[in-house]
Amino acid sequence: MTKVQSEQVIIYESQVFSTKSTQYKLLKEYNIELNDKNPFEELKKINEQIEKPEYKNVTIYEEIKEFEKVKEKIQLNIKNKKFKPLDEENYELIPVYSQKEILTSMIESITNQDIFESITKIKNYTKKHERELEKYKKTIESEVKISEKELEKKRNEILQFKKKILDILEKEIKTEEKILKELEKEKIKQEEMFHLIKEKGNFKLEKKKIEDKKNHIAHKIKKLSLDEKLFKAKITTLKTNLKSKKYKTIEPLPFILSLGLIYWTSFSNTKTIILKYENKINKLKEKEIILEKEHEDLIEKERILTQENIEKLKEITKLEEELQKKIIQIEKNLDKQKRIVDKKYQERKDKEEKYNILINEETTLSNKYIKVSEKMNEIESNELNNIITKIDKLKEKKERQKEELTQLLKNIEKQKIDSKKNCIIEYSL
């Protein structure tokens with residue numbers, strides 16, 4: 001179920017009053033007290049009072065919005081006797097139906113007499129202490145100018161220090177760092193060249209290949225020599241057989257393969273076989289000579305390679321020595337350059353410390369300048385014309401409040417109804 005909202009009003013002497021209250025911030029009367037101890041501080045205190053005036057909270061009861069519509073509901077409730085008699089002894093309700101009198105009293109209390117009196121007091125006070133205030137103002141103005149010059153001088157000093165020392169030093173550091181990096185790159189390059197010289201190792205590999213070939217050929221020559229001896233031994237045996245008038249010699253393998261038919265051919269003749277073996281010996285000798293020649297060629301190649309290697313070794317050793325000298329020199333230059341860079345770093349650190357001191361001094365001077373500038377602003381703010389301007393705004397605010405309350409009173413006075421009863425009525429919205 002939806003809860004029905006309701007509103008309550010009080011009817012007193014045919015006047016309708018809302019029981020809905022609100023807090024209204026009413027400006028208090030402005031009253032100033034001035035002493036002669038410190039005129040500037042006194043004006044400053046007054047200025048603060050004007051800028052932050054005091055208010056008192058007063059309870060006022062609102063006007064009834066769209067009263068004509070509400071009036072109809074009220075009249076209907078009166079007709080239907082839906083109301084409660086007003087207990088005029090209830091002190092809590094008195095402020096509600098006394099709202100007209102309360103508002104009238106509040107409106108009458110809002111005057112500008114306090115404003116006029118305050119302006120007169122302040123004018124007289126400033127006139128009385130005019131020389132003293134002017135002297136103080138000039139003192140602060142002088143402090144502002146001195147502080148401003150000191151600050152400007154310090155800022156210019158910082159700017160020149162940065163431009164002529166720090167910026168130049170930073171450029172020098174970058175230049176020295178660049179030289180250092182180039183030296184480091186050059187060292188890496190020379191070291192790579194040093195390690196890339198592998199010709200000495202290649203000679204050993206080539207020599208081993210030649211040695212392997214020589215050994216292989218020597219093995220072949222030895223095998224051929226053994227085969228030759230074997231054939232010579234066979235020829236000797238066959239010649240011995242001829243002397244013994246053994247004119248036929250049958251070799252086992254051909255005999256088996258020809259099923260004995262070879263016996264009837266010339267291939268079984270001992271002399272033919274001797275000629276065959278002699279022919280084989282000649283072929284073996286040819287192969288042996290070729291291998292010996294190849295062996296001699298390898299010996300010559302090995303000799304030339306060894307000679308070339310000796311020359312290369314000399315060149316490589318010379319190159320290595322040169323590279324080593326270069327690397328040593330680069331390392332010396334690197335150490336020297338590192339010392340230069342470290343020195344520049346330390347110089348920058350020292351200069352930055354001095355720069356930070358200047359910055360701190362600038363901060364101190366800046367704070368000093370801000371303080372004296374604030375004092376100057378306070379003096380200008382506390383000058384008579386400015387104070388009166390602010391008081392005039394206060395006067396305008398009081399007049400607005402008077403107009404607001406006067407309008408509220410007029411609106412409440414319009415809330416009338418024909419009723420002889422003083423009562424409390426509740427109606428639904």
Side-chain angles (χ1 to χ4, degrees), residues 10 17-65 91-130 132-134 136-137 140 370-413:
I10 290 176
F17 297 95
S18 171
T19 58
K20 193 175 180 181
S21 66
T22 186
Q23 292 296 306
Y24 187 83
K25 293 173 76 70
L26 187 66
L27 269 169
K28 285 186 178 181
E29 282 194 4
Y30 190 69
N31 185 28
I32 61 169
E33 295 294 333
L34 293 159
N35 62 55
D36 297 328
K37 287 182 181 178
N38 187 328
F40 175 74
E41 288 299 322
E42 284 299 301
L43 289 174
K44 182 181 174 183
K45 181 184 74 177
I46 296 303
N47 201 7
E48 287 172 355
Q49 287 178 0
I50 296 167
E51 288 176 348
K52 295 178 182 178
E54 292 184 4
Y55 293 86
K56 58 181 176 182
N57 287 324
V58 294
T59 302
I60 58 174
Y61 292 88
E62 299 177 4
E63 64 177 284
I64 299 168
K65 304 296 181 185
Y91 67 91
E92 290 181 354
L93 297 175
I94 293 170
V96 180
Y97 58 81
S98 301
Q99 187 64 195
K100 284 168 64 178
E101 289 78 9
I102 292 169
L103 283 172
T104 301
S105 176
M106 283 169 61
I107 291 164
E108 287 173 355
S109 71
I110 300 173
T111 69
N112 286 322
Q113 187 62 35
D114 58 332
I115 299 291
F116 298 137
E117 287 175 0
S118 298
I119 289 172
T120 302
K121 277 185 182 180
I122 292 167
K123 281 182 177 179
N124 292 336
Y125 185 82
T126 52
K127 189 174 181 180
K128 181 181 176 182
H129 297 282
E130 185 177 4
E132 194 176 346
L133 289 167
E134 189 62 30
Y136 182 75
K137 182 180 179 181
I140 299 302
I370 288 167
K371 283 181 180 178
V372 293
S373 296
E374 284 174 350
K375 280 187 180 180
M376 195 65 229
N377 291 335
E378 283 178 351
I379 289 170
E380 290 172 354
S381 178
N382 296 339
E383 286 180 343
L384 181 62
N385 290 337
N386 288 325
I387 291 176
I388 291 173
T389 301
K390 290 173 187 176
I391 291 176
D392 284 341
K393 288 182 180 177
L394 205 61
K395 184 176 74 171
E396 289 171 8
K397 190 160 190 175
K398 288 180 77 172
E399 287 170 355
R400 280 199 304 274
Q401 284 196 328
K402 191 169 186 175
E403 287 173 8
E404 286 172 1
L405 295 172
T406 302
Q407 187 60 48
L408 177 62
L409 178 59
K410 285 178 181 179
N411 293 340
I412 289 173
E413 285 175 339

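Since the model is a prediction, treat every value here as computed from it, not as a measurement.
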- request: Output, in order, the C-alpha distance, side-chain angles, deciding distance and verdict of side-chain contact (heavy atoms from CB on, under 4.5 Å) for N382 and L133.
  value: CA-CA 10 Å; N382 296 339; L133 289 167; over 6 Å; no

- prompt: Can you find a heavy atom in the side chain of E42 that is under 4.5 Å from one in the side chain of P39?
  reply: no

Show which side-chain atoms of residues 107-114 pair as donor or acceptor with protein atoms under 3.5 Å away, not counting sequence neighbours.
from : atom 1 : to   : atom 2 : distance (Å)
S109 : OG     : M106 : O      : 2.5
N112 : ND2    : E399 : OE2    : 3.3
Q113 : NE2    : E117 : OE2    : 3.3
D114 : OD1    : K398 : NZ     : 2.8
D114 : OD2    : Y30  : N      : 2.6
D114 : OD2    : K398 : NZ     : 2.9

message: Minimum heavy-atom separation for S118 and I32, please, with both atom names.
response: O-CD1, 3.7 Å

- prompt: Can you tell me if CD on E130 sees more than 12 non-hydrogen neighbours from other groups inside 6.0 Å?
  reply: no

query: Heavy atoms, side chains only, cut-off 4.5 Å: are T406 and L103 in contact?
result: no

message: Tell me whether K44 contacts the main-chain N or O of E378 through its side chain, where contact means a donor paired with an acceptor under 3.5 Å.
response: no

message: Can you list everything that forms a side chain to side chain contact (heavy atoms under 4.5 Å, CB included) with E403? Sequence neighbours excluded, please.
response: none

statement: Rounding to 0.5 Å, atoms NZ (K402) and CG (L27) come to a distance of 13.5 Å

task: Give, for atom CD of E101 and atom CD1 of I94, the distance between the pair rounded to the nearest 0.5 Å.
output: 11.5 Å

- request: Would you give the length of the straight line joining atom CG of L394 to atom CD1 of I115, rounded to the nearest 0.5 angstrom?
  value: 4.5 Å

query: If we ignore angles and hydrogens, is there a donor and acceptor under 3.5 Å between the side chains of S381 and N47?
result: yes

- line: When rounded to the nearest 0.5 Å, the distance separating CD1 of I122 from CD1 of I387 is 5.5 Å

- prompt: How about F40 and Y136: are their ring centres within less than 6.0 Å of each other?
  reply: yes

Please tabulate, one pair per line, all N/O donor-acceptor pairs under 3.5 Å involving side-chain atoms of residues 57-65, not counting sequence neighbours.
from : atom 1 : to   : atom 2 : distance (Å)
T59  : OG1    : Q23  : NE2    : 2.9
E63  : OE1    : N411 : ND2    : 3.4
E63  : OE2    : N411 : ND2    : 3.0

Short side-chain to backbone donor-acceptor contact, E413 and K100, under 3.5 Å: no

- line: In this structure, NZ of K20 is separated from OG1 of T22 (nearest 0.5 Å) by 9.0 Å

Exercise: identify the closest heavy-atom pair between K25 and Y55: O-CD2, 3.6 Å

task: State, yes or no, whether a side-chain contact exists between D392 and I119 at a heavy-atom distance under 4.5 Å.
output: yes

field: Side-chain heavy-atom pair E383, N385 within 4.5 angstrom cut-off
entry: no

query: Will you find, in the side chains of E380 and N386, an N or O donor that is under 3.5 Å from an N or O acceptor?
result: no

Close side-chain approach of I388 to K123, heavy-atom, < 4.5 Å: yes

task: Output the distance between atom CG (L26) and atom NZ (K56), rounded to the nearest 0.5 Å.
output: 5.5 Å

